[in-house]
Number of protein chains: 2
Amino acid sequence: MKIEDEIKQAAFRDDYQKAHVNLIFTANWLQQQQSGFFKQFGLTLPQFNILRILRGQHPRPATVNLLIERMLDKTSNASRIVDKLEAKQLVTRRVCPSNRRAVDIRISEDGLALLGRLDAAMASQQFGVQNLTLAEAAQLSGLLDKIRD
Amino acid sequence: MKIEDEIKQAAFRDDYQKAHVNLIFTANWLQQQQSGFFKQFGLTLPQFNILRILRGQHPRPATVNLLIERMLDKTSNASRIVDKLEAKQLVTRRVCPSNRRAVDIRISEDGLALLGRLDAAMASQQFGVQNLTLAEAAQLSGLLDKIRD
DNA sequence: GATTATTAAATGTATGTACATATATTTGTC
DNA sequence: GACAAATATATGTACATACATTTAATAATC
């Protein structure tokens, strides 16, 4: 559906405004698709992202700082997202022996198993970006990088 | 900065994943830019968006349903965002005479004045999308529409 | 016209975002 | 080694998101 119809707006001031609105709208759209998917597994999107970072580190631990560095949203509160994952026993949290200010966070066996099930489910799930050709996806990345220059 | 460096990830599985992450990241980046800007005026981004819809309706009222229809994020809670605007006396809220279930929401004189100041400030503010050429912005919109097909 | 269904908005609860502040630990400096 | 500065994380608060439930008014059906 064209963006004008999605938000029931007749027209945009110019193509800049249209692209801007379209970008925000499409990102929300994608995230909502994903959220619904992860919900089946009892995870939110930020929780999934952190879990995936922890799997990338496994079996080495990650600190909160490392999580923040790698998260898409730097200002979100990694500490409290880890709280939720810990409550579900998907991660473990232990004071780092070599630096007692820091906390070593590791994905648990349960967490690894859950991500395994998610991998399988995601493989059979087409997310929106795949409506593009690979060349178009690359082109899109180029345009997005230019926006943030 | 390239997206790989922004989130300190060495590489992506393919250009689909890269475009997907880049899209979410860039949308967040843009929204944070805007948030900082609106904060100077005591508004959050959703509050500004609702205020702008109300100006579009002015002097006719809008209902909560109409606001939701036109909002970028359909699932957000328009009712409570209007609460905040009402507390700042930027909008008025009155039971609709012809349908007492509905509520007529209108932008106040204060609200119009605030948007007026924002218009002026925004005119002298370059937001990220303007790093693109107009043709690139149009191309971006086309790609985004295709994602949501 | 009483009863049920639908609609419009508000409210409740859990989670996340954004930002400031607090607490504990480590590092640097005298 | 005492004391200040820096670092790592946690906590507090306001706002927003996501979704279920509630309340009130209107519409539909018998």
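Because the structure is predicted, anything quoted here is derived from the model rather than measured. The sequence lines fix the lettering, A, B, ..., with proteins before strands; numbering per chain opens at 1. Atoms considered below: every heavy atom in the structure, side chains included; atoms not considered: hydrogens, waters and symmetry mates.
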Worksheet entry | Phosphate contact (D/dT9 OP1 or OP2) by A/Asn65 side-chain N/O below 4.0 Å | yes

Worksheet, complete the sentence: Atom CD of B/Gln33 and atom P of C/dA18 are separated, to the nearest Å, by 13 Å

Worksheet item: Does C/dT15 have OP1 or OP2 sitting under 4.0 Å from an N or O in the side chain of A/Lys84?
Response: yes

Discussion item. Under 4.0 Å from OP1 or OP2 of D/dT17: is there any side-chain N or O of B/Arg80 that close?
Written reply: no

Practice prompt. Please report, rounded to the nearest Å, how far the P atom of C/dT17 is from the CE atom of A/Met71.
Written response: 6 Å

Worksheet item: When rounded to the nearest 0.5 angstrom, what is the spacing between CD1 in A/Ile24 and OG1 in B/Thr26?
Response: 9.5 Å

Discussion item. Ring centres under 6.0 Å, that's the criterion: do B/Phe12 and B/Tyr16 meet it?
Written reply: no

Worksheet item: What is the distance from CD1 of B/Ile50 to P of C/dA9, rounded to the nearest Å?
Response: 12 Å

Worksheet item: Where each residue is assigned the nucleotide of DNA chain D containing its nearest heavy atom, which of A/Ala62 and A/Gln32 is assigned the position nearer the 5′ end?
Response: A/Ala62

Worksheet item: Once you round it to whole Å, what is the distance between C1' of D/dC15 and CG of B/Leu43?
Response: 13 Å

Worksheet item: For B/Arg13, does its backbone N or O pair with a side-chain atom of B/Gln17 as donor and acceptor, under 3.5 Å?
Response: yes

Worksheet entry | Of the listed nucleotides C/dA10, C/dA8, C/dT17, the one nearest the side chain of B/Ala102 | C/dA8

Worksheet item: Closest nucleotide of DNA chain C for A/Leu45 versus for A/Arg101: which of these residues is on the 5' side?
Response: A/Leu45

Item to complete: Let me know, please, whether A/Pro46 or A/Arg100 comes out on the 5' side of the other along DNA chain C by nearest nucleotide.
Response: A/Pro46

Response to the item:
Taking C/dT15, D/dT9, D/dA18 as options, the one with an atom nearest any side-chain atom of A/Thr44 is C/dT15

Worksheet item: C/dT17 P sits how many Å from A/Gln47 CD, rounded?
Response: 10 Å

Practice prompt. May I ask you to verify if any side-chain N or O of A/Arg93 is less than 4.0 angstrom from the OP1 or OP2 atom of D/dA10?
Written response: yes

Worksheet item: Taking atom types as modelled and ignoring hydrogens, do the side chains of B/Arg148 and A/Asn22 form a donor-acceptor contact shorter than 3.5 angstrom?
Response: yes

Fill in: d(CD1, B/Ile68; P, D/dA18) in whole Å
13 Å

Worksheet item: Looking across every strand, which nucleic acid part, if any, lies under 4.0 Å from B/Thr63 by heavy atom: base, sugar-phosphate, or nothing?
Response: sugar-phosphate

Worksheet item: CD of B/Gln40: more than 12 outside heavy atoms within 6.0 angstrom?
Response: yes

Worksheet item: Choosing from D/dT17, D/dT13, C/dA10, which nucleotide comes nearest the side chain of B/Thr75?
Response: D/dT17

Item to complete: State, without any angle test, whether B/Glu136 and B/Asn131 hold a side-chain donor-acceptor pair at a distance under 3.5 Å.
Response: no

Worksheet item: Given atom CG of B/Leu85 and atom P of D/dC15, what is their separation to the nearest angstrom?
Response: 11 Å

Worksheet item: Hey, does A/Asn99 reach any base, or is it just sugar-phosphate, or nothing, if we go heavy atoms under 4.0 Å?
Response: sugar-phosphate

Worksheet item: Quick one: B/Asp104 CG to C/dA9 P, roughly how many Å, whole number?
Response: 9 Å

Fill in: B/Gln31 side chain near C/dA18 phosphate (N/O to OP1/OP2, under 4.0 Å)
no

Worksheet item: Which nucleotide in the set C/dA10, D/dA18, C/dT17 lies at the smallest distance from any side-chain heavy atom of A/Ser76?
Response: C/dT17

Worksheet item: What nucleic acid atoms does B/Asp73 come within less than 4.0 Å of, heavy atoms only: base, sugar-phosphate, or nothing?
Response: sugar-phosphate

